[in-house]
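One structure below.
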There are 2 protein chains.
Amino acid sequence: MRHDFKKKSKVLLIDDNYEHLVGIRELLNLEGTFDVVGIATTVTVGLNLIKKYQPDIVLLDMNMPDKDGLQGIIEISKLDMGTKVLALSGYDDADLIFRAMKIGAKGYVLKTMASAQLIYAIEEVLNGKIYLPLALSSRFFEYFQQSFREEIAKQDSNEENLLSYLTQREEEVLELLTQGVTYKGVAGKLFISETTVKTHVNNIFQKLQVNDRTQAVLYAINNGFLTKKGVLTGR
Amino acid sequence: MRHDFKKKSKVLLIDDNYEHLVGIRELLNLEGTFDVVGIATTVTVGLNLIKKYQPDIVLLDMNMPDKDGLQGIIEISKLDMGTKVLALSGYDDADLIFRAMKIGAKGYVLKTMASAQLIYAIEEVLNGKIYLPLALSSRFFEYFQQSFREEIAKQDSNEENLLSYLTQREEEVLELLTQGVTYKGVAGKLFISETTVKTHVNNIFQKLQVNDRTQAVLYAINNGFLTKKGVLTGR
DNA sequence: CTTTTTATAGACCATTCGGTCTAAATCCTA
DNA sequence: TAGGATTTAGACCGAATGGTCTATAAAAAG
């Protein structure tokens, strides 16, 4: 399903570089299928224009003087108007790309890109797709995998993961501990005596080599206990 | 920099469907630039072949009988031989794609794809790149953004986040609590009396509406306290 | 220049938690 | 079936934690 042909798509531009701003506006106007409803050189002004004109898409420069471009994306999405954000930047900073995509940008393009590519990116995003140039998506994936590397290393290391020494029952107890339940509470939920819970908990401490419940909970969280349980699925 | 021309790249195939396995082998042999050093119909056998032949790349079917394909990726990377994994699957399951990429797959291709595309994907991965067909990378990004949506929602909701009521000092104390430090420990680290720490902690409990330190720590973790502090950056 | 907030700290007490020891019933395995 | 692991549970004690109240000095807000 391609986007609506009858109405021109409403576009809003936010960039602190006025020359660039006007340049893009001219480019989009020449294209004929876009209606640039507003331009802004600050995020704050841009947000007000978005509220007023309800554009379909916003081209947002990541390097803004008044506010962080990332914060801009968050605030636009908080308006909850379904406005799509295409991030613009001069640099192919992997971390920036990752964070922009993470908080909901529909695409990320470099200012150095050919104008035809920019047009294409805008159209793709308007059609509900996500646009990342090949080079940037590579950077993205590298960063993505890197950021999960340590996390994975912990979870898959069956040999070093002290959690694997826990018995079934101890896991159940630990799971309740990670929900902030007290001895009494655990006893009630598992239908066993409070003393028994204490015994289990003490054994857990021994196995995880910690001294108190807080440390046990932290160990569990930092070593994939919850993700294994499916409590935090999707992460 | 393209990959080495002098030596053929060593490829290993793991797929429980023998017909498919042989088909791909023929395809790669015909291509002439690949050396299929082994084929396996189970992950376990595949792992042994990898140890023996040290292939440059492994084409790994995600839908295996003996072990999960995801587990296969993890175990291959645990061999720590730099073996690249190209995931094969019959379905474009967003969750599966996401998880495969998360744990380090260098690419993901559908079995229904044209053989020329498969060849291309293998070459890209061998050249150190990451290959995802456009359609799949869209699915990936959708899933990616979806999985971070709730997390973001919490962190940016300044209005509902009880953490914002904490004073500077209380935040410092809470940060130490999230490291499993005791009253005595906090007192020592902040150079204040133990009583003072208790006062702060009690105030924190009031503000976060919890009853004990474990619950406070859990609230902090679940509401972006650590990520704001930059402790878990990159996530 | 007041008022409020924040940071500090003590006293007191009840509750919870953690450590250790013992022990019985059950389950699993060799 | 004998031995080991698991789950259950009690007793006892000291240490840590949580609740409440009061109070002072400094800092921030008005």
Side-chain angles (χ1 to χ4, degrees), chain A residues 158-223 225-226 228-229, chain B residues 158-223 225-226 228-229:
Chain A
N158 306 311
E159 61 275 3
E160 263 311 311
N161 201 326
L162 301 176
L163 288 171
S164 62
Y165 297 133
L166 298 182
T167 68
Q168 203 82 36
R169 202 55 161 171
E170 286 162 356
E171 285 192 356
E172 294 178 54
V173 173
L174 179 55
E175 191 174 351
L176 290 172
L177 290 191
T178 62
Q179 292 165 25
V181 183
T182 63
Y183 282 154
K184 216 181 293 259
V186 175
K189 285 177 189 264
L190 298 184
F191 304 107
I192 54 181
S193 109
E194 204 176 325
T195 325
T196 306
V197 178
K198 288 174 62 174
T199 307
H200 285 313
V201 171
N202 268 300
N203 290 333
I204 292 172
F205 290 166
Q206 299 296 318
K207 294 186 179 178
L208 301 188
Q209 297 167 20
V210 297
N211 306 310
D212 56 55
R213 57 206 295 117
T214 308
Q215 289 175 9
V217 167
L218 290 170
Y219 184 93
I221 291 174
N222 291 325
N223 291 83
F225 180 73
L226 296 181
K228 272 179 186 165
K229 291 267 161 197
Chain B
N158 306 310
E159 60 275 3
E160 262 312 311
N161 201 327
L162 299 176
L163 288 171
S164 61
Y165 298 134
L166 297 183
T167 67
Q168 202 83 36
R169 201 55 162 172
E170 285 163 357
E171 284 192 358
E172 294 179 56
V173 173
L174 179 56
E175 191 175 351
L176 290 173
L177 290 191
T178 62
Q179 292 165 26
V181 183
T182 63
Y183 282 155
K184 217 181 291 259
V186 175
K189 285 177 190 263
L190 297 184
F191 304 107
I192 54 180
S193 111
E194 206 176 323
T195 324
T196 307
V197 177
K198 287 175 61 176
T199 308
H200 285 312
V201 171
N202 268 299
N203 289 334
I204 291 172
F205 290 167
Q206 298 296 319
K207 293 186 180 179
L208 301 189
Q209 297 167 18
V210 298
N211 306 310
D212 56 56
R213 58 204 298 118
T214 308
Q215 289 175 9
V217 168
L218 290 170
Y219 184 93
I221 291 174
N222 291 325
N223 291 83
F225 180 73
L226 296 181
K228 272 180 185 164
K229 291 266 162 196

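This one's a predicted model, so the numbers in the text were calculated from it and none came from an experiment.
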| Could you give the distance from CD (A:E172) to OG1 (A:T167), rounded to the nearest 0.5 Å? | 8.5 Å

| field | Presence of A:N202 side-chain N/O under 4.0 Å of C:dG18 phosphate oxygens OP1/OP2 | value | no

| said: What verdict does the side-chain contact (heavy atoms from CB on, under 4.5 Å) test give for A:Q215 and A:F205, after you've listed the backbone C-alpha separation in whole Å, the side-chain angles of each residue and the deciding distance to 0.1 Å? | reply: CA-CA 9 Å; A:Q215 289 175 9; A:F205 290 166; over 6 Å; no

| query | For B:Q168 and C:dT6, what is the distance between atoms CD and P respectively, to the nearest whole Å? | reply | 11 Å

Considering only nitrogen or oxygen atoms on both sides, find all protein atoms under 3.5 Å from nucleotides 9-13 of chain D and state each distance.
| unit_1 | atom_1 | unit_2 | atom_2 | d |
| --- | --- | --- | --- | --- |
| D:dA9 | OP2 | A:S193 | N | 2.5 |
| D:dA9 | OP2 | A:T196 | OG1 | 3.0 |
| D:dA9 | O5' | A:T196 | OG1 | 3.3 |
| D:dA9 | N7 | A:T199 | OG1 | 3.4 |
| D:dG10 | OP2 | A:S193 | OG | 3.2 |
| D:dG10 | OP2 | A:T195 | OG1 | 3.3 |

| note | When every non-hydrogen atom of B:S193 is compared with those of B:A187, the smallest separation belongs to C-CB, 3.9 Å

| said: Using whole Å, what does the distance between atom P of nucleotide C:dT6 and atom OH of B:Y165 come to? | reply: 13 Å

| query | Under the side-chain contact (heavy atoms from CB on, under 4.5 Å) criterion, do B:L177 and A:T214 qualify, and how do the steps go? | reply | CA-CA 8 Å; B:L177 290 191; A:T214 308; over 6 Å; no

| said: If you only use heavy atoms from C-beta on, which nucleotide in C:dG18, C:dT6, C:dC17 is closest to the side chain of B:T167? | reply: C:dT6

| Beyond-backbone contact of B:I192 with B:H200, side-chain heavy atoms, under 4.5 angstrom | yes

| query | Of all the choices, D:dG18, C:dA7, C:dT20, which nucleotide is nearest to the side chain of B:R169 once you look at every atom? | reply | C:dA7

| Can you list the steps and then say if B:V173 with B:L190 is a side-chain contact (heavy atoms from CB on, under 4.5 Å)? | CA-CA 8 Å; B:V173 173; B:L190 297 184; 3.8 Å; yes

| request: For B:A220 and B:L174, work out which heavy atoms get closest and say how close. | output: CB-CD2, 4.0 Å

Between the protein and nucleotides 27-29 of chain C, are there any N/O to N/O pairs under 3.5 Å, and if so, what are the atom names and distances?
none

| What is the distance from NZ of B:K184 to P of D:dT17, rounded to the nearest Å? | 9 Å

| Is any side-chain heavy atom of A:I204 less than 4.5 Å from a side-chain heavy atom of A:K207? | no

| Separation of atom CD in A:E172 from atom C1' in D:dT8, rounded to whole Å | 13 Å

| query | What's the OH-P distance between A:Y183 and D:dG18, to the nearest Å? | reply | 13 Å

| query | Please walk me through it: do A:I221 and B:L218 pass side-chain contact (heavy atoms from CB on, under 4.5 Å)? | reply | CA-CA 10 Å; A:I221 291 174; B:L218 290 170; 3.8 Å; yes

| field | Expected output: side-chain A:Y219 to main-chain A:L162 donor-acceptor under 3.5 Å | value | yes

| request: Please report the shortest heavy-atom distance between A:T182 and A:R213, naming the atom on each side. | output: CA-NH2, 3.5 Å

| request: Choose from C:dT20, C:dA7, D:dT8 the nucleotide whose nearest atom is closest to any side-chain atom of A:H200. | output: D:dT8

| Do any of residues 203-217 of chain B sit with a heavy atom less than 4.0 Å from DNA chain D, and if so which? | B:F205, B:N211, B:D212, B:R213

